[in-house]
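Contents: one structure, followed by commentary.
Heavy-atom basis, side chains included; hydrogens, waters and symmetry copies ignored. Nothing here was measured: the structure is a model prediction, and the numbers come from that model.
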Amino acid sequence: MSMLTSLPYLFKHQENTMNSIDFRSLKLKSELGILEIILHLVIWFLIILFTLGLGAFVFPYYMTRFIISKTHVIDRDSGQIIGKLNCDINLVQIIGYVVIWAILSFITFGLLYFVYLYKIIAHCINHTRVISA
């Protein structure tokens with residue numbers, strides 16, 4: 001079967017798979033504990049302190065990734081865990097964004113840092129997928 005003749009099958013198969021999932025019966029539940037949050041904050045406070053504040057530009061990425069990665073996809077009716085959210089952002093992927101937004105934040109005396117926070121969440125969501133639990 002050539003690649004061109006197999007394309008309609010692939011699209012039809014993908015369409016059938018997507019239609020069989022009813023997302024209305026699913027919900028998200030965070031399994032983030034207070035102790036985990038405190039430990040995460042202490043570690044990042046020390047990192048920000050030792051990097052003389054530059055860690056503050058990386059922290060929001062890791063905080064968002066931390067929250068997303070502690071979230072489960074649950075069947076609303078049965079309460080069964082269907083999957084888990086996994087944000088696969090790492091320092092190598094974000095370093096360019098961090099440098100650009102740090103420069104822009106310094107130039108604007110911190111005003112664009114608030115825009116940066118929104119962009120971080122959008123960037124993390126774009127790199128999140130559901131994996132089996």
Side-chain angles (χ1 to χ4, degrees):
M1 185 183 284
S2 75
M3 183 63 168
L4 290 177
T5 58
S6 66
L7 282 177
Y9 169 77
L10 291 174
F11 287 124
K12 184 177 180 184
H13 178 69
Q14 183 180 11
E15 182 180 284
N16 289 339
T17 304
M18 291 301 287
N19 288 338
S20 66
I21 299 173
D22 184 13
F23 293 107
R24 294 174 294 183
S25 67
L26 301 177
K27 68 178 184 174
L28 299 176
K29 183 171 191 233
S30 177
E31 298 292 333
L32 194 57
I34 299 291
L35 205 54
E36 292 173 306
I37 293 170
I38 291 170
L39 182 62
H40 192 259
L41 283 174
V42 167
I43 291 169
W44 274 100
F45 177 76
L46 293 173
I47 290 172
I48 291 170
L49 192 66
F50 289 133
T51 61
L52 303 175
L54 293 177
F57 288 97
V58 179
F59 168 71
Y61 269 106
Y62 281 91
M63 182 186 69
T64 305
R65 183 182 88 162
F66 182 64
I67 294 168
I68 289 172
S69 295
K70 295 285 185 179
T71 304
H72 294 275
V73 179
I74 298 176
D75 185 322
R76 187 181 301 269
D77 301 324
S78 69
Q80 180 182 6
I81 295 176
I82 306 294
K84 184 178 181 200
L85 296 182
N86 181 32
C87 181
D88 59 0
I89 291 260
N90 59 41
L91 186 60
V92 174
Q93 292 173 317
I94 65 171
I95 197 68
Y97 292 107
V98 170
V99 170
I100 290 170
W101 282 99
I103 292 169
L104 290 173
S105 293
F106 286 128
I107 290 172
T108 62
F109 300 106
L111 292 176
L112 281 183
Y113 186 77
F114 298 106
V115 175
Y116 174 61
L117 294 175
Y118 284 92
K119 292 300 288 178
I120 288 170
I121 294 170
H123 194 211
C124 287
I125 288 172
N126 288 339
H127 285 85
T128 300
R129 58 191 171 99
V130 177
I131 58 173
S132 61

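Across all non-hydrogen atoms, the minimal contact from C87 to C124 is SG-O, 3.6 Å.
No continuous path of hydrophobic side-chain contacts links V99 to F109 [ILVMFWY only; heavy atoms under 4.5 Å]. No single ILVMFWY cluster, assembled from side-chain heavy atoms under 4.5 Å apart, contains both V115 and I121. By the rule that hydrophobic residues join a cluster once side-chain heavy atoms approach within less than 4.5 Å of another member, V73 and F23 end up as members of one cluster. By the criterion of side-chain heavy atoms lying less than 4.5 angstrom apart, applied directly or through intervening Ile, Leu, Val, Met, Phe, Trp or Tyr residues, L117 is grouped together with I67 in one hydrophobic cluster.
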Chi angles and distances behind the side chain to side chain contact (heavy atoms under 4.5 Å, CB included) call for I100, L104:
CA-CA 6 Å; I100 290 170; L104 290 173; 4.0 Å; yes
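Checked against salt bridge (charged side-chain N to carboxylate O under 4.0 Å, His left out), K119 has no partners two or more places apart in sequence or in another chain. Taking R24 as the reference, D22 meet the side-chain hydrogen bond (donor to acceptor under 3.5 Å, both in side chains) condition, with sequence neighbours excluded.
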Considering only distance and modelled atom types, tabulate donor-acceptor pairs under 3.5 Å from the side chains of residues 58-66, sequence neighbours left out.
from, atom 1, to, atom 2, distance (Å)
Y61, OH, H123, ND1, 3.1
Y62, OH, L91, N, 3.2
T64, OG1, P60, O, 2.8
R65, NH1, I89, O, 2.8

Would you be so kind as to tabulate the donor-acceptor pairs closer than 3.5 Å made by side chains of residues 34-57, with sequence neighbours excluded?
from, atom 1, to, atom 2, distance (Å)
E36, OE1, G33, N, 2.8
E36, OE2, K70, NZ, 2.8
T51, OG1, I47, O, 2.9
T51, OG1, I48, O, 3.4
T51, OG1, G55, N, 2.9

Identify each donor-acceptor pair in which a side-chain atom of residues 76-83 lies under 3.5 Å from a protein atom, sequence neighbours left out, and give them as a table.
from, atom 1, to, atom 2, distance (Å)
R76, NH2, L26, O, 3.4
S78, OG, Q80, N, 3.2

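Residues V98 and Y116 are in side-chain contact: their nearest non-hydrogen atoms beyond the backbone lie under 4.5 Å apart. You'll find the side chain of S69 stays beyond 4.5 Å of the side chain of L85, heavy atoms only.
Here the CD1-CD1 distance, from I94 to I120, works out to 8.0 Å after rounding to the nearest 0.5 Å. With values rounded to the nearest 0.5 angstrom, S25 atom OG is found 12.0 Å from I74 atom CD1.
Pairs passing the ring pair (Phe, Tyr, Trp, His ring centres under 6.0 Å) check and including a residue from residues 72-96, sequence neighbours excluded, do not occur.
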